[in-house]
Amino acid sequence: MMCSVQVFCVANERRVLARNLQRSPEIADGRIQVSIVWGATAASAAYHDAITTATADIVVFSHQDVYFPEGWFSRLEVICEKLRLTDPSWAVAGLSGMTPEGEWFGHMWDSGLGIVCGGPFDPPRNVASLDEAVLIVRRASGALFDPALPSFHLYGTDIVLEAQKAGKKSYVINLPVIHNSKATVCLDRTYVAAYRFMVRKWKAVLPWPTVIVRLTRNPFPLLLRRMRLRYKRILRSSTLHPRFEHPELKARELGFVKASEDAI
């Protein structure tokens with residue numbers, strides 16, 4: 001039994017949105033419904049409100065700079081059905097994440113890094129944290145984003161923890177996209193605010209892995225990570241890469257379109 005899918009996106013740059021998410025074939029031709037949220041002050045709060053209005057079985061929360069190759073959403077429906085058969089109560093999935101043991105899994109092109117991050121893997125892996133570029137929520141699971149979480153960071157970790165608290169699992173799946181991102185050059189005050197919120201909220205389970213830096217009451221891991229990023233921004237700017245104007249060409253070059261079509 002196939003499921004229905006809809007997409008929500010918090011956006012703030014019309015040009016980035018138009019050349020990436022809205023150019024994705026299944027969105028561009030109306031096969032997949034997308035709702036754009038403008039003017040949000042925090043992603044988690046915006047997506048909390050969005051999921052309460054959603055009607056589809058599967059709700060995808062995407063960054064504005066993600067391009068979904070042709071066939072991606074059809075393949076997502078197949079993967080979600082397979083997950084339902086193995087774990088009927090699954091809650092959240094994503095394309096990049098950390099296992100409870102601290103091992104990273106994922107498969108996507110990251111323009112900021114200029115590389116394919118990870119590679120094909122199967123089956124889906126149970127995770128403790130997910131990257132926020134693309135988050136997939138099974139609406140019937142009841143998993144919700146926390147409207148109190150500030151800024152635009154760590155909501156992928158928070159919803160996984162919320163699902164776990166309710167006895168439900170989350171997974172990283174092999175379904176590559178083009179993440180046409182800017183390179184991360186700093187963890188600014190907004191990240192620190194989200195990090196401190198998460199440390200207070202989830203202190204009973206700390207330390208906890210995330211895709212950037214583990215959550216812990218010890219301030220040094222975050223401080224060290226911020227220092228490393230500052231060093232790269234100042235001394236290694238040549239390793240940073242620009243966004244692509246035509247992400248669909250990159251998707252075909254990497255075989256992401258063929259991979260999606262063949263897997264259906």
Margin query: Between R252 and V257 (side chain of the first, backbone of the second, donor and acceptor by atom type, cut-off under 3.5 Å), is there such a pair?
Written below: no

Note to self: Taking the ring centre of each residue, are H107 and F256 less than 6.0 Å apart?
What the structure shows: yes

Item checked: Test side-chain hydrogen bond (donor to acceptor under 3.5 Å, both in side chains) applied to S181 and D65, N20, D110, the passing residue -> D110

Note to self: S96 vs W104, test: side chain to side chain donor-acceptor pair (under 3.5 Å). Steps then yes/no.
What the structure shows: CA-CA 7 Å; S96 167; W104 182 89; 2.9 Å; yes

Next item on the list: Compute the centroid of each ring, for F61 and then for F145, and state whether the two points are separated by less than 6.0 Å.
Entry: yes

Next item on the list: Not counting sequence neighbours, which residues clear side chain to side chain donor-acceptor pair (under 3.5 Å) with Y171? List them please.
Entry: D87

Next item on the list: Mind checking salt bridge (Lys or Arg N to Asp or Glu O under 4.0 Å) for E253 and listing every partner two or more places apart, or none if nothing turns up?
Entry: K250

Checklist line | Shared hydrophobic cluster, L224 / L222 (ILVMFWY, side-chain heavy atoms < 4.5 Å) | finding: no

Next item on the list: Examine distances only and state if a side-chain atom of S4 and a backbone atom of D57 form a donor-acceptor pair shorter than 3.5 Å.
Entry: yes

Next item on the list: Name all residues meeting the ring pair (Phe, Tyr, Trp, His ring centres under 6.0 Å) criterion together with F152; count only those two or more places apart in sequence or in a different chain, and write none if there are none.
Entry: none

Checklist line | salt bridge (Lys or Arg N to Asp or Glu O under 4.0 Å) partners for R189, two or more places apart | finding: none

Notebook entry, point to check: Is a donor on one side and an acceptor on the other found under 3.5 Å between the side chain of R125 and the backbone of P123?
Noted result: yes

Note to self: Determine whether a donor-acceptor pair (N or O, by modelled atom type, separation under 3.5 Å) exists between the side chain of Q64 and the backbone of N12.
What the structure shows: yes

Checklist line | E26 side-chain N/O to G71 backbone N/O, donor-acceptor pair under 3.5 Å | finding: yes

Notebook entry, point to check: Are any side-chain N or O atoms of R139 and backbone N or O atoms of I51, one a donor and one an acceptor, separated by less than 3.5 Å?
Noted result: no

Which donor-acceptor pairs under 3.5 Å do the side chains of residues 41-50 make with protein atoms, sequence neighbours left out?
from : atom 1 : to   : atom 2 : distance (Å)
S44  : OG     : D146 : N      : 3.1
S44  : OG     : D146 : O      : 2.7
Y47  : OH     : V10  : N      : 2.9

Check: Any idea how H153 and Y191 line up, ring-wise: parallel (<30°), tilted (30 to 60°), or perpendicular (>60°)?
Finding: perpendicular

Under 3.5 Å, which donor-acceptor pairs link side chains of residues 192-199 to any protein atom two or more places apart or in another chain?
from : atom 1 : to   : atom 2 : distance (Å)
Y195 : OH     : R214 : O      : 2.8
Y195 : OH     : T216 : N      : 3.2

Checklist line | Main-chain N/O of T55 paired with Q6 side-chain donor or acceptor, under 3.5 Å | finding: yes

Next item on the list: Could you tell me whether the side chains of S129 and T210 share a donor-acceptor contact shorter than 3.5 Å?
Entry: no

